[in-house]
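What follows is a single structure, written as structure tokens, with notes after it.
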Amino acid sequence: MKRSDYITWDQYFMGIAIMSANRSKDPNTQVGACIVDQDNRILTVGYNGMPSGCNDDEMPWDREGEGMASKYFFVCHAELNAILNYRGGGTLRGSRCYVTLFPCNECAKAIIQSGIKEVIYMSDKYADSDSTMASKKMFEMAGVKYTEYENKHKKIEFEL
Ligand SMILES: O=c1[nH]c(=O)n([C@H]2C[C@H](O)[C@@H](COP(=O)(O)O)O2)cc1CO
Ligand SMILES: [Zn+2]
């Protein structure tokens, strides 16, 4: 008989998004994204980090500070990295994006323009921000479904 406690597709892909987030150097918020096609094949992954070639030891990681003193001008978001990292043939049209934090308005635009059809998110900790509200407005207008990830109960522990 086959084992019954295997993880679901949703758990698998959100697990990979969480694992990717663990690569982030951001001391405050680590975000991971995993984009999959209609056949549940993983197309691409990403996490938030400084652009390639920008030494992350020399970049600011602070939230506070005027302009260039904070991380915000520089960090490339997890979803955008996942979209831009896609090297496969074909496109992201019709795919789903698993993400550990609800996408900001800039990532929402990239998600819509790349043809991603569904966003499955874990945290919505900035739900009250204009950015998140703008994302939801655009997703609704563009027909991108957004779904809260609900299987938050399974704990997996392993040594790396
Ligand atoms: O959709 C997102 N994707 C994403 O990668 N991020 C990143 C940018 C920053 O590195 C971090 C947010 O930082 P903070 O929570 O300290 O404001 O998360 C943030 C958002 C939403 O704000
Ligand atoms: Zn973003």
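Hydrogens, waters and symmetry mates play no part in the numbers below; they use all other heavy atoms, side chains included. Whatever order the structure lists them in is the order used to number ligands and atoms, beginning at 1.
The nearest protein atom to atom 17 (O) of ligand 1, hydrogens excluded, is given as Tyr72 OH, 2.5 Å; this is a heavy-atom distance. In terms of protein heavy-atom proximity, atom 7 (C) of ligand 1 is nearest to Asn48 ND2, 3.5 Å. Nearest to atom 12 (C) of ligand 1 among the protein's heavy atoms is Thr29 CB, 3.7 Å. For atom 9 (C) of ligand 1, the nearest non-hydrogen atom of the protein is Asp26 OD2, 3.4 Å. Among protein heavy atoms, the minimum distance from atom 5 (O) of ligand 1 is reached at Ala78 N, 2.9 Å.
When the heavy atoms of His77, Glu79, Lys125 are ranked by distance to atom 1 (O) of ligand 1, first place goes to Glu79. Of the candidates Val119, Asp124, Asn81, Leu101, the one placing a heavy atom closest to atom 21 (C) of ligand 1 is Leu101. Remark: among candidates Glu64, Lys71, Met50, the nearest residue to atom 13 (O) of ligand 1 is Lys71, based on non-hydrogen atoms.
Linking ILVMFWY side-chain heavy atoms closer than 4.5 Å, directly or via other members, places Tyr6 and Phe158 in two distinct hydrophobic clusters.
Grouped by direct or indirect side-chain proximity (heavy atoms under 4.5 Å, Ile/Leu/Val/Met/Phe/Trp/Tyr only), Met138 sits with Val31, Ile35, Leu43, Ile83, Tyr86, Leu92, Val99, Leu101, Phe102, Ile111, Ile112, Ile116, Val119, Tyr121, Tyr126, Phe139, Val144, Tyr146.
Ring geometry, Trp9 versus Tyr12: the interplanar angle falls from 30° to 60°, so the pair is classed tilted.
No side-chain donor-acceptor contact under 3.5 Å links Ser95 and Asp37. Side-chain contact annotation: Thr8 with Lys154, donor-acceptor N/O pair under 3.5 Å absent.
Rounded to 10°, the angle that SG of Cys104 and SG of Cys107 form at the Zn ion (ligand 2) is 120°.
Under 4.0 angstrom from ligand 1, the non-hydrogen atoms of Tyr126 all belong to its side chain. Heavy atoms of Gln30 found under 4.0 angstrom from ligand 1: none, in either backbone or side chain.
On a distance-only criterion, Cys76 and ligand 1 share no N/O pair closer than 3.5 Å.
Surrounding NZ of Lys125 are more than 12 heavy atoms belonging to other residues, nucleotides or ligands, all under 6.0 Å away. Annotation: Asn40, atom CG; neighbour count of heavy atoms from other residues, nucleotides and ligands within 6.0 Å is above 12. Other residues, nucleotides and ligands contribute over 12 non-hydrogen atoms within 6.0 Å of the CE atom of Met133. Within 6.0 Å of the CG atom in Asp130, the count of heavy atoms belonging to other residues, nucleotides or ligands does not exceed 12.
Numbered from 1 in the order shown, with element, the atoms of ligand 1 that lie under 4.0 Å from a heavy atom of Phe102 read 1 (O), 21 (C). Residue contact check: Pro103 has heavy atoms under 4.0 Å from atoms 1 (O) of ligand 1. For ligand 1, the atoms closer than 4.0 angstrom to any heavy atom of Asn28 are 14 (P), 15 (O), 16 (O).
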CA sep, side-chain torsions, deciding dist, call: Asp62, Ser70, side-chain hydrogen bond (donor to acceptor under 3.5 Å, both in side chains):
CA-CA 5 Å; Asp62 299 320; Ser70 87; over 6 Å; no
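In terms of distance to the Zn ion (ligand 2), the nearest N, O or S atom of His77 is named ND1.
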